Amino acid sequence: MTKRDRSVSEDTKSSRHATKGEQTRQMIVEAAAPIFNQRGYEGSSMTELMAATGLQKGGIYRHFASKEELAAEAFEYTCDATWSMRMQHVDRNAPGLDQLKQFIANFVEVRSPVSGGCPLMNSAADTDDGNPLLRERVQKVLRKWSARLQEMVTAAVKSGQAKPSTDPKTVATIVIASLEGGVMISRLERNYESLRRIHEHLVRYIDRELAA
C-alpha cells in the first residue's frame, strides 16, 4: 500500500468514525428529549438518561460536555420537531392573516411529537433556575417563532389584507402569550377546552381588529 493509499484509508476510517459518532449523538438527543420535556432539567436524572440511551454516564459525556449541553440540544430537537408539525399545513402562498389562522389552528389541534407538551413553555420555567445555556436556546426559539409570525402579519399589511396601523410585533406577542397561556390552563384542567376558547378568541381578534 502506497503512502497515498494509507492516507485515503485513514481519512475514510476517520469519516466513518465521525459519522458513527454523529449518529450516536443524535440517538442520545432523541432519547433524552422526552425526558427533559416531561421532567425538566432538574427533574431529569442521569439514571433515567442512561436507561433511555443504553449508555453509561461516561458514554453520554463522551458526546456532550455537560448535562446542560445535552438538555439544550434536546430542547432544540423537540422545538424543531414541534415547529415542523405546526407549520405542516400552513400554506406559504396564502394571504398573511390566513397563514396566521392556520398556524393557530395547528397549535391548538396538533400535539407535540415529543412527549411532554409544548417545549417552549416547559423549558422557559427551567431557565429561572440558573441555566444560562438553556435560557439562551429558549430565547432563540422564542425570537424565531415571533419573527415568523411577524412575517405573516407584515405580508398581510403590505397586501392590504390587514390595517396599515397593525403592529406585527404586538400581534405576535399577543398570539404567543395567548396560546402558551391556554396550554398552561389546559394542562392544569386536563382538557383542551381553554385552549380551544383561546383559538376562537384569536380568530375573532384577527377578523375584527386586524383585517382591513
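All residue numbers in this chain count up from 1 along the given sequence. Here the structure is a predicted model, which means the values were calculated and not measured.
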Group every Ile, Leu, Val, Met, Phe, Trp and Tyr by side-chain heavy-atom contacts under 4.5 Å, then state whether Phe75 and Val114 land in the same group. no
Within the 4.5 Å heavy-atom criterion, are Arg135 and Asn131 side-chain neighbours or not? no
Leu195 and Ser186 have their tightest heavy-atom pair at N-OG, 3.1 Å
So if you build clusters from Ile, Leu, Val, Met, Phe, Trp, Tyr with side-chain heavy-atom gaps below 4.5 Å, do Trp83 and Val29 land together? no
If you round to the nearest 0.5 Å, how far is CG of Leu210 from CG of Asp167? 10.5 Å
Can you hop from Ile206 to Val203 via hydrophobic side chains spaced under 4.5 Å? no
Looking at side-chain heavy atoms only, is the closest gap between Val108 and Ile198 below 4.5 Å? no
Around Arg204, counting heavy atoms of other residues, nucleotides and ligands shown, do more than 12 lie under 6.0 Å from its CZ? yes
Looking at OG1 of Thr166 and CG of Leu97, how far apart are the two atoms once the value is rounded to the nearest 0.5 Å? 7.5 Å
Nearest heavy-atom neighbours spanning Met50 and Gln56: SD-C, 3.7 Å
Heavy-atom closest pair (Ala71 atom, Leu134 atom, distance to 0.1 Å) is O-CD1, 4.2 Å
Decide whether Met87 and Leu120 are clustered together by the hydrophobic rule: side chain heavy atoms of Ile, Leu, Val, Met, Phe, Trp, Tyr closer than 4.5 Å, transitively. yes
Test side-chain contact (heavy atoms from CB on, under 4.5 Å) on Leu149 and Val171; report intermediate values, then the result. CA-CA 8 Å; Leu149 299 188; Val171 175; over 6 Å; no
Working to the nearest 0.5 angstrom, can you tell me the gap between Glu48 CD and Gln38 CD? 9.0 Å
What I want to check is whether the side chains of Glu68 and Tyr41 have a donor and an acceptor closer together than 3.5 Å. yes
Tell me whether the count of non-hydrogen atoms from other residues, nucleotides or ligands lying under 6.0 Å of CZ in Arg196 goes above 12. yes
Is the backbone N or O of Pro168 less than 3.5 Å from a side-chain atom of Gln150, with the two atoms forming a donor-acceptor pair by type? no
Can you check whether Arg111 reaches Tyr192 side chain to side chain, under 4.5 Å on heavy atoms? yes
Side-chain heavy atoms of Val141 within contact of Arg137, under 4.5 Å: no
Taking the basic N atoms (NZ, or NE/NH1/NH2) and the acidic carboxylate oxygens, is any pair closer than 4.0 Å for Glu69 and Arg25? yes
Within 6.0 angstrom of Tyr205 OH, more than 12 heavy atoms from elsewhere: yes
Phe107 CZ to Ser112 OG distance, which is reported to the nearest 0.5 Å: 10.0 Å
Measuring from Ser44:OG to Lys67:NZ, what's the distance to the nearest 0.5 Å? 6.0 Å
Which pair of heavy atoms, one from Ile185 and one from Ser194, lies closest together, and at what distance? CG2-OG, 3.2 Å
I'd like to know if the side chain of Ser159 reaches the main chain of Ala156, judged simply by a donor and an acceptor atom lying under 3.5 Å from each other, with no hydrogens or angles considered. yes
For Gln161 and Gly96, indicate whether the former's side chain and the latter's backbone hold a donor-acceptor pair under 3.5 Å. yes
Crowding at CZ, Arg62 (>12 non-hydrogen neighbours, <6.0 Å): no
Indicate yes or no for a side-chain donor-acceptor contact from Asn122 to the backbone of Gly116 under 3.5 Å, with no hydrogens or angles considered. yes
For the residue pair Arg208 and Lys163, what are the closest heavy atoms and their distance? O-NZ, 3.7 Å
Please round to the nearest 0.5 Å and tell me the distance separating atom CG of Leu55 and atom OG1 of Thr24. 7.0 Å
Where the side chain of Ser84 meets the backbone of Asp80, is there a donor-acceptor pair that is under 3.5 Å apart? yes
Does the side-chain contact (heavy atoms from CB on, under 4.5 Å) test come out yes or no for Leu142 and Ile176, once each step is laid out? CA-CA 9 Å; Leu142 180 60; Ile176 293 170; 4.1 Å; yes
Heavy atoms, side chains only, cut-off 4.5 Å: are Leu202 and Leu100 in contact? no
So, do Glu151 and Gln99 sit near enough that their side-chain heavy atoms are less than 4.5 Å apart? no
Close side-chain approach of Tyr61 to Met46, heavy-atom, < 4.5 Å: yes
Check Asp207 against Lys101 and note the closest heavy-atom contact, atom names and distance. OD1-NZ, 2.6 Å
Any side-chain heavy-atom pair of Met152 and Gln102 under 4.5 Å: no
I'd like to know if Met85 and Trp145 are part of one continuous hydrophobic network [Ile/Leu/Val/Met/Phe/Trp/Tyr, side-chain heavy atoms within less than 4.5 Å]. no
